[in-house]
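One structure is given here, and the rest of the page talks about it.
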Amino acid sequence: PTSGPVEGSTTVLVAFSSEGATSDIAFYCGFGGLLTIGVRVSNRYISCPSAAHPSVGPAMVSISTNGQQFSNVKEFVYFAAPVISAISPTSGPLLGDTFLNVSGVHLINGSDYRCRLGAEPHVTIPATLHAGPPQRTACTAPAMPFDTGAVPLEVSLNAQQYTDDGHEMQFYAAPALSALRPATGPPARGPRLVISGGALHDGSHYVCRFEPRDTPTPTDDDDLAGFVGVAGAVQRVPATHISHEAVVCYTPSVPIAGGGSEEYSVTLALNGQQFSAEGLRFAVSPEPVSAHRHHAVADGTEHWHSPLETA
C-alpha cells in the first residue's frame, strides 16, 4: 500500500530494475531517511517493512543496495493509528446488505479502506472514507457465511493493518411475521400493536413501517421524507422488542384520502434498515377517534370498537 501507521511494520512492495542484480544482494529501504532491510520477492519487487516514523504525513520511500545511493523514489503517507468509537447499526441480517457507518478518530490519510467482519476466516469488504466532521468510514455487509451471533468489526486504512477496538456486529436470522393484533384501528395515533412471529430477537433498532397497499414504496429516505403526514403516506414509527416472538409499536397518524377505509402493510426492521419480506395487513377505519372506545385484554393488546360493535 501507499500508506501505513506511524508505528511502522507495513509491508510495502517497491518496484526495482533487476538488471545486474544477483540473488545475494542486500537491499535497504529508506522511509524518509529511516532505514529498514528489504527482501527481494521477485525480479521486479522488493518487500520493505515500513520504519516507525515520528509524525504523520508523507515520507519518500526509496531502495538501495549499499545504504548510500537510493533510487526508485515513491511517496508513502504515514497516518496515526485509527480508533473506532461507534458503529451504526450494530446489527443486521445474515442475508447481508446492511449499510454500516463506522465512526472514530484518525481515519484520514489512508489509501485502501476496508471493513473486516468475523474471526478467521475473515470477511473483508471495501469501505469508503467520509472525512466529516465527524470522521467515518462506510461499508455494506455482504451475506455472511457463518451462523447468527456477534462477530468483531474492525477497519483498515491500508487493507493490511486493522484496528483492534473490540466493537462487534450482531447478525440475526431474517424475521418471519405471523400475526398483528389488533388488525384494525382509527386513523389518528391509536392502538398499541403487537407483532408476533419468529426470529424477532438480536436487533438493535426496531422500527415498524406502514405502507399503503395501493401506493408504490419510495426507494430512499429522501422520498420517504416527502410522504410523511399525507394521505397514503409511508410512515415509520419506533418499536419495542418484548420477547423472541413479539414486538410492540403504536400506529402513527395515517390520514385517509376520501371517505373510505384504507389498508396498510406493516413490516418490521430489527436494525432500522432492512424490513421483513412479508407484511401484515392493518385496516384504518374512517370513523373519528372520538367515536371509538377500547379495552385492554390480558396480553396488553388494545382492541378498538365503534359504539355499534359488541365489545
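Source: prediction; values computed, not measured.
Proximity of a side-chain donor or acceptor of Gln160 to a complementary backbone N or O of Pro1 within less than 3.5 Å is not detected. A donor-acceptor contact shorter than 3.5 Å is absent between the side chain of Thr148 and the backbone of Tyr172. Using a distance-only test at 3.5 Å, with no hydrogens or angles considered, a donor-acceptor pair links the side chain of Thr36 to the main chain of Pro49. Between the side chain of Tyr264 and the backbone N or O of Arg209 there is no donor-acceptor pair closer than 3.5 Å. Between the side chain of Glu278 and the backbone N or O of Leu177 there is at least one donor-acceptor pair closer than 3.5 Å. A side-chain donor-acceptor contact under 3.5 Å links Ser3 to the backbone of Ser111. Side chain of Gln235 to main chain of Ser253: a donor-acceptor pair is present (N/O by atom type, distance under 3.5 Å, no hydrogens or angles). Side-chain atoms of His53 do not come within 3.5 Å of backbone N or O of Glu7 as any donor-acceptor pair.
In the hydrophobic cluster analysis, where Ile, Leu, Val, Met, Phe, Trp and Tyr join through side-chain heavy atoms closer than 4.5 angstrom, Val234 is grouped apart from Val207. A single hydrophobic cluster is not seen to contain both Met169 and Leu107; linkage of ILVMFWY side chains at heavy-atom distances under 4.5 Å, directly or through other members, places them apart. Put simply, Phe171 and Val123 are part of the same group of oily side chains (I, L, V, M, F, W, Y) that touch within less than 4.5 Å, one to the next. Clustering ILVMFWY residues whenever any of their side-chain heavy atoms sit less than 4.5 angstrom apart, transitively, puts Val266 in the very cluster that holds Val237. No continuous path of ILVMFWY side-chain contacts below 4.5 Å connects Val102 to Tyr113, so the two sit in separate hydrophobic clusters.
Here the CD atom belonging to Gln69 is positioned 6.5 Å from the OG atom belonging to Ser64, to the nearest 0.5 angstrom. Leu153 contributes atom CG, which lies 12.0 Å from atom NE2 of His122 (distance to the nearest 0.5 angstrom). Taken from OG in Ser62 to CZ in Phe70, the straight-line distance is 5.0 Å, to the nearest 0.5 Å. Here Ile195 contributes atom CD1 and Cys249 contributes atom SG; the two are 4.5 Å apart, rounded to the nearest 0.5 Å. Separation of atoms CG (Asp202) and CG (Asn271) is listed at 12.0 Å; rounding is to 0.5 Å.
Taking the six-membered ring for Trp and thresholds of 30 and 60 degrees, Phe76 and Tyr78 have ring planes more than 60 degrees apart, a perpendicular arrangement. Below 30°, between 30° and 60°, or above 60°: for His244 and His201 the angle between ring planes is below 30°, a parallel geometry.
Taking the side chain as every heavy atom from C-beta outward, Gln135 and Ile108 approach each other to under 4.5 Å. Residues Pro5 and Asn158 are in side-chain contact: their nearest non-hydrogen atoms beyond the backbone lie under 4.5 Å apart. With a 4.5 Å cut-off on side-chain heavy atoms, Glu75 and Thr2 do not count as touching. Residues Val151 and Glu168 form no side-chain contact, since every pair of their non-hydrogen atoms from C-beta on lies 4.5 Å or further apart. Counting only heavy atoms from C-beta outward, the side chains of Phe79 and Val6 never approach each other to under 4.5 Å. Looking at heavy atoms from C-beta onward, Phe275 lies in side-chain contact with Arg236 at the 4.5 angstrom threshold. Counting only heavy atoms from C-beta outward, the side chains of Glu263 and Pro212 never approach each other to under 4.5 Å. Contact check for Pro134 versus Ser103: no side-chain heavy atoms found under the 4.5 Å cut-off.
Less than 6.0 angstrom separates the ring centroid of Phe16 from the ring centroid of Phe27.
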Test side-chain contact (heavy atoms from CB on, under 4.5 Å) applied to Val61 and Val14, step by step: CA-CA 8 Å; Val61 178; Val14 181; 4.0 Å; yes
Where do Gln161 and Ser9 land on the side chain to side chain donor-acceptor pair (under 3.5 Å) test, with the steps shown first? CA-CA 9 Å; Gln161 288 136 303; Ser9 298; 5.6 Å; no
Test side-chain contact (heavy atoms from CB on, under 4.5 Å) on Cys48 and Ile63 and set out the steps. CA-CA 9 Å; Cys48 295; Ile63 57 174; 4.0 Å; yes
Walk me through whether Val83 and Asp165 qualify under side-chain contact (heavy atoms from CB on, under 4.5 Å). CA-CA 7 Å; Val83 177; Asp165 296 322; 4.2 Å; yes
Evaluate side-chain contact (heavy atoms from CB on, under 4.5 Å) for Leu13 paired with Val41, printing each intermediate quantity in order. CA-CA 9 Å; Leu13 293 180; Val41 294; 4.1 Å; yes
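Taking both residues in full, the closest heavy atoms of Leu34 and Pro54 are given as CD1-CD, 4.3 Å, listed atom of the first, atom of the second, then distance. Leu268 approaches Cys208 most closely through the heavy-atom pair CD1-SG, 4.2 Å.
Judged by distance alone, the side chains of Arg114 and Thr124 never bring a donor and an acceptor atom under 3.5 Å apart. For the residue pair Arg116 / Ser156, no side-chain donor-acceptor distance below 3.5 Å is found, with atom types taken as modelled. Between the side chains of Glu211 and Ser265, no donor N or O sits under 3.5 Å from an acceptor N or O.
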Please output the side-chain donor-acceptor pairs of residues 137-146 that fall under 3.5 Å, not counting sequence neighbours, one pair per line with the distance.
none

Report all side-chain donor-acceptor pairs from residues 86-100 shorter than 3.5 Å, counting only partners two or more places apart or in another chain.
from, atom 1, to, atom 2, distance (Å)
Ser91, OG, Ser204, N, 3.1
Ser91, OG, Ser204, OG, 2.6
Thr98, OG1, Gln274, OE1, 3.1
Thr98, OG1, Gln274, NE2, 2.9

